[in-house]
Amino acid sequence: MFEFIKIKLLFKGQFHQRYHFTIRLSQHDYQGIYYKNNIQWLLPSPYKIISKRDIQILESTISKVILPL
C-alpha cells in the first residue's frame, strides 16, 4: 500500500513515549504520531487523496508494523 515507512521513537523511556513515522504514498510523504493504537496525522493529511476506508486499511497496516517494536 505504501512504498516505505520510516519509524523514529520519541521521548524514549519517558511518560510521553510515542512513535513518529513517515510513509511514502503516491509519491508524497506523510507523517504521523502513533500512540496507544491511535494515529494522529500531521499536515498534509492523506485524507485528501484517499478514501476513509483506505485510510483505515493504511492505519491497520502501520499498526502491524509498529506494534512489534
Side-chain angles (χ1 to χ4, degrees):
M1 173 159 249
F2 48 83
E3 296 172 26
F4 76 87
I5 184 167
K6 187 186 326 180
I7 303 168
K8 180 176 150 184
L9 182 60
L10 302 175
F11 311 112
K12 184 177 181 179
Q14 297 180 19
F15 177 75
H16 301 290
Q17 181 172 309
R18 288 160 174 52
Y19 291 96
H20 175 271
F21 64 89
T22 303
I23 62 167
R24 174 155 293 163
L25 181 66
S26 302
Q27 299 179 357
H28 298 286
D29 290 342
Y30 297 98
Q31 297 182 24
I33 304 290
Y34 180 87
Y35 178 66
K36 291 188 178 179
N37 210 24
N38 290 317
I39 293 176
Q40 179 181 6
W41 292 101
L42 304 175
L43 294 176
S45 170
Y47 282 101
K48 296 180 180 182
I49 65 161
I50 61 177
S51 70
K52 188 169 184 167
R53 181 176 180 271
D54 288 340
I55 288 283
Q56 291 173 342
I57 294 170
L58 176 64
E59 289 179 348
S60 173
T61 305
I62 292 169
S63 293
K64 288 178 185 174
V65 171
I66 292 178
L67 278 179
L69 300 178

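Two different hydrophobic clusters hold Leu43 and Tyr47 under the rule that ILVMFWY side chains link at heavy-atom gaps under 4.5 Å. The hydrophobic clustering, which links ILVMFWY residues whose side-chain heavy atoms are closer than 4.5 Å, places Tyr30 and Leu42 apart.
The CG atom of Leu58 sits 8.5 Å away from the CD1 atom of Ile5 when rounded to the nearest 0.5 Å. Atoms CD1 and CD1, on Ile39 and Ile62 in that order, are 4.5 Å from each other to the nearest 0.5 Å.
Partners of Leu69 by side chain to side chain contact (heavy atoms under 4.5 Å, CB included), not counting sequence neighbours, listed by chain and number: Ile7, Tyr19. Among residues two or more places apart in sequence or in another chain, the side chain to side chain contact (heavy atoms under 4.5 Å, CB included) test is passed with Phe11 by Gln14, His16. For Leu10, the side chain to side chain contact (heavy atoms under 4.5 Å, CB included) partners two or more places apart in sequence, or in a different chain, are Lys8, His20, Ile33. Among residues two or more places apart in sequence or in another chain, the side chain to side chain contact (heavy atoms under 4.5 Å, CB included) test is passed with Asn37 by Tyr34, Ser63.
Residues in residues 14-43 take part in these salt bridge (Lys or Arg N to Asp or Glu O under 4.0 Å) pairs, two or more places apart or across chains: Arg24-Asp29. Residue pairs meeting the salt bridge (Lys or Arg N to Asp or Glu O under 4.0 Å) criterion with at least one partner in residues 51-64, sequence neighbours excluded, are absent.
Looking at Trp41, Tyr35, Phe4, Phe2 one by one, the single match for ring pair (Phe, Tyr, Trp, His ring centres under 6.0 Å) with Phe21 turns out to be Trp41.
A side-chain donor-acceptor contact under 3.5 Å links Thr61 to the backbone of Ile57.
In the displayed structure, Gln40 atom CD is contacted under 6.0 Å by at most 12 heavy atoms of other residues, nucleotides or ligands.
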